[in-house]
Amino acid sequence: MDDDDIDPLEYETKDETEASLAPQSSEDTLYCEAEATPSVEKEKPTREDSETDLEIEDTEKFFSIGQKELYLEACKLLGVVPVSYFIRNMEESCMNLNHHGLGPMGIKAIAITLVSNTTVLKLELEDNSIQEEGILSLMEMLHENYYLQELNVSDNNLGLEGARIISDFLQENNSSLWKLKLSGNKFKEECALLLCQALSSNYRIRSLNLSHNEFSDTAGEYLGQMLALNVGLQSLNLSWNHFNVRGAVALCNGLRTNVTLKKLDVSMNGFGNDGALALGDTLKLNSCLVYVDVSRNGITNEGASRISKGLENNECLQVLKLFLNPVSLEGAYSLILAIKRNPKSRMEDLDISNVLVSEQFVKVLDGVCAIHPQLDVVYKGLQGLSTKKNVSLETNPIKLIQNYTDQNKIPLVEFFKSLNPSGLMTMPVGDFRKAIIQQTNIPINRYQARELIKKLEEKNGMVNFSGFKSLKVTAAGQP
């Protein structure tokens, strides 16, 4: 799973941009970005020495020209073809250069330009073969640029040396970068050690994506130790790695005392039932996690029962995804009954969408949802019924609401704003589900509420009522 599916941080509190730390231009700053590092010079003396000489000659010229001219001059000096998209979007907050085949020199030209750029806040560089030299240019740029907040360098085969360069940067802890995507870079155990050493004391990085790497149990131990110390991370994506029981237990042990991580994605690993037991024990103690994805981890009914023990005592978890685990009706019962037994449960979304349930289960679930109206449980369907028969044919909820507002001459948006105590146009998904089901003017069940949320939910875990302006036209023609 891509971190963007669950991140943009749905449950984070965003800090203000550190505008007061705006960089001060200097000849030393620009020259530092343009010249090659000593280690690279030793490996490629002829090419790098030549480039450095050209850069020294033109340093003064760089300060008298704009961003576009600076970039074109850097491309000329480094012998790369300018990227027209980069030129056109220099003043935009998001710069998407994924899959552009930039290579290390193309990245270096961009890094030189971004040293003094104050508008680009998000930089996407996935799949560009940037190599060690490219990531070094980017980290050097971030020493001077205090505006860039999000960086994606996934799928660039950075390996051990790339991890070392990033780790050195993170240990200095002096940029505005808070979101870092490092997916698919062939990071192994030693890379995990380097990154975790840096992150143990780094409090600025709040969202980190390390999915699709090659971490196994030893890396899980390093990550667990880091999580016990880290006080900055709010979202961590470790999906599609190679964690088994030992790594899973170590991760969960670190989370017992962690006080900042809100979102954890460890889907597509090998936690198994023993890992599920560790997770259940963690949920008894952790008071911060609101989102956990353990989809496809070989967790059976036994593991689901162990997780349920944690749900009975947990007062903060809102989303639990168990999709594609070999859980059956027995495991599904244990999960919803655990929520029922916890009067302080805040669970909003339980995903067991590969499980066929019974009519009796649905009746029990109805009772649980009466106690916890914010809860939505997604399952595959009812046993013994075809998929078509499982599809709800109930009245379109938008049409129900529109009919009510038309009859009472109430603006559609005003009806939804009335559900929100703050009177704002947005509210959290769970609060909205609870409010729409409990309001007495229109009979809306949890399945209809789910359809409403699908249409209105934003990526930050909120529903936005302004979306009903566009839905009103289409709803009128629906049955």
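- Side chain of N297 to backbone of S295: a donor-acceptor contact under 3.5 angstrom is found.
- For R206 and W178, the positive end sits near the middle of the six-membered ring, less than 6.0 Å away and at most 45° from its axis.
- Ion pair K321/D265 not flagged as a salt bridge, since none of the NZ, NE, NH1 or NH2 atoms sits closer than 4.0 Å to an Asp/Glu carboxylate oxygen.
- Contact check for F271 versus C252: side-chain heavy atoms found under the 4.5 Å cut-off.
- For E189, the side-chain hydrogen bond (donor to acceptor under 3.5 Å, both in side chains) test picks out S216, with sequence neighbours left out.
- Remark: R246 engages E221 in a salt bridge, criterion side-chain N to carboxylate O under 4.0 Å.
- Under the 4.5 Å side-chain criterion, counting only non-hydrogen atoms from C-beta, Y222 is not in contact with L195.
- Residues L264 and L255 are in side-chain contact: their nearest non-hydrogen atoms beyond the backbone lie under 4.5 Å apart.
- Checked by atom type and distance alone, the side chain of N420 pairs as donor or acceptor with a backbone atom of S422 at under 3.5 Å.
- Applying the ring pair (Phe, Tyr, Trp, His ring centres under 6.0 Å) rule to F187 yields no partners; only residues at least two apart in sequence or on another chain are considered.
- Taking 4.5 Å as the limit, every side-chain heavy atom of V290 sits out of range of all side-chain heavy atoms of V319.
- Counting heavy atoms from C-beta on, the side chains of L236 and L227 come closer than 4.5 Å.
- A donor-acceptor contact closer than 3.5 angstrom links the side chains of D127 and H99.
- Without hydrogens or angle criteria, N269 side chain to V266 main chain gives a donor-acceptor distance under 3.5 Å.
- With 3.5 Å as the limit, one finds a donor-acceptor pair spanning the side chains of Q67 and N117.
- Remark: R306 does not engage D281 in a salt bridge, criterion side-chain N to carboxylate O under 4.0 Å.
- When side chains are defined from C-beta on, L151 counts as touching M139, because their heavy atoms get closer than 4.5 Å.
- D217 contributes a side-chain N or O that, together with a main-chain N or O of N244, makes up a donor-acceptor pair within less than 3.5 Å.
- Salt-bridge annotation for E124 and K122: present, with a side-chain N of the basic residue lying under 4.0 Å from a carboxylate O of the acidic one.
- Taking OG of S235 as the reference point, atom CG of N237 lies at 7.0 Å (rounded to 0.5 Å).
- Side chains of V120 and L114 form a contact here, defined as non-hydrogen atoms less than 4.5 Å apart.
- How far OG of S305 is from CD of E330: 7.5 Å, rounded to the nearest 0.5 Å.
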### Query
Step by step, would you call E315 with R346 a salt bridge (Lys or Arg N to Asp or Glu O under 4.0 Å)?
CA-CA 6 Å; E315 299 178 15; R346 296 185 61 199; over 6 Å; no
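- Using modelled atom types and a 3.5 Å distance limit, the side chains of S211 and S183 yield a donor-acceptor pair.
- No option in K454, K434, R450, R446 other than R450 meets the salt bridge (Lys or Arg N to Asp or Glu O under 4.0 Å) test with D376.
- Shown here is K68, whose NZ atom has no more than 12 heavy atoms of other residues, nucleotides or ligands within 6.0 Å.
- No donor-acceptor pair closer than 3.5 Å links the side chain of Q234 to the backbone N or O of S207.
- N145 contributes a side-chain N or O that, together with a main-chain N or O of L148, makes up a donor-acceptor pair within less than 3.5 Å.
- Q448 CD to I398 CD1: the interatomic distance, rounded to the nearest 0.5 Å, is 10.5 Å.
- Here the CG atom belonging to L277 is positioned 9.5 Å from the CD1 atom belonging to I307, to the nearest 0.5 angstrom.
- Looking at N241, its side chain does come within 3.5 Å of a backbone N or O of L238 through a donor-acceptor pair.
- Judged purely by atom type and a 3.5 angstrom limit, S167 has no side-chain atom pairing as donor or acceptor with the backbone of A163.
- Between the side chain of Q439 and the backbone N or O of I436 there is at least one donor-acceptor pair closer than 3.5 Å.
- When only modelled atom types and interatomic distance are considered, N464 and T426 share no side-chain donor-acceptor pair under 3.5 Å.
- Interatomic distance, CG of N301 versus OG of S308, reported as 10.0 Å (0.5 Å rounding).
- Residues N185 and D155 fail the side-chain proximity criterion, which asks for heavy atoms closer than 4.5 Å.
- Once rounded to the nearest 0.5 Å, the distance linking CD of E150 with SG of C94 reads 8.0 Å.
- Residues satisfying the ring pair (Phe, Tyr, Trp, His ring centres under 6.0 Å) criterion with F361, sequence neighbours excluded, are Y333.
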